[in-house]
Structure formats: structure tokens, C-alpha cells
> 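The structure that follows is given in the form of C-alpha cells.
These values consider heavy atoms only, across backbone and side chains, with no hydrogens, waters or symmetry-generated copies.
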Amino acid sequence: MCELSNEQVFSNWQECNRENRQQGADYWHDFMSKRAKRGYKGAQAVVDKMDRLK
């Protein structure tokens, strides 16, 4: 799953939010948060965007 781009992860998170699938949205948020903690380029900006849109 590491081959997913930040944009793909964000899109998956948005889709789960639109469909009120909280467990799925939480999964993608956690996935991106862990990616950001590992220093993956651009991941923290996506986490920040997710947090603003919650």
C-alpha cells in the first residue's frame, strides 16, 4: 500500500467521510499520520488538511 500517493490517500479519506464510514476515515487518517511521522514528503500537510476538514 506504500505505492499510494498522498493525494490517493486523501481521496480515500474524503470518500469515507462523504459516506459516513467513520472507521474507514479513521483508518486513512491514521495511515497518513504514520506516514507523516516517518517524514514522508508532503504527508504532514495532508494530515493538517484532514484535521481542518473533520
> Rounded to the nearest 0.5 Å, what's the gap from CZ on Phe10 to OG on Ser5? Could you check?
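The CZ atom of Phe10 sits 12.0 Å away from the OG atom of Ser5.
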> Kindly indicate, with the supporting measurements, whether the criterion side-chain contact (heavy atoms from CB on, under 4.5 Å) is fulfilled by Trp28 and Met32.
CA-CA 6 Å; Trp28 290 114; Met32 188 57 75; over 6 Å; no
> Distance-only check: which donor-acceptor pairs under 3.5 Å involve side-chain atoms of residues 18-26, not counting sequence neighbours?
unit_1: Glu19; atom_1: OE1; unit_2: Arg21; atom_2: NH1; d: 2.3
unit_1: Gln22; atom_1: NE2; unit_2: Asp26; atom_2: OD1; d: 2.7

> Considering only distance and modelled atom types, tabulate donor-acceptor pairs under 3.5 Å from the side chains of residues 43-54, sequence neighbours left out.
unit_1: Gln44; atom_1: NE2; unit_2: Asp48; atom_2: OD1; d: 2.9
unit_1: Asp51; atom_1: OD1; unit_2: His29; atom_2: NE2; d: 2.6

> Would you call Arg35 and Asn6 a side-chain contact if the rule is heavy atoms closer than 4.5 Å?
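Touching, per the 4.5 Å side-chain cut-off.
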> Could you tell me which non-hydrogen atom of Tyr40 sits nearest to which non-hydrogen atom of Leu4, and how far apart they are?
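Nearest heavy atoms, Tyr40 then Leu4: OH-O, 4.2 Å.
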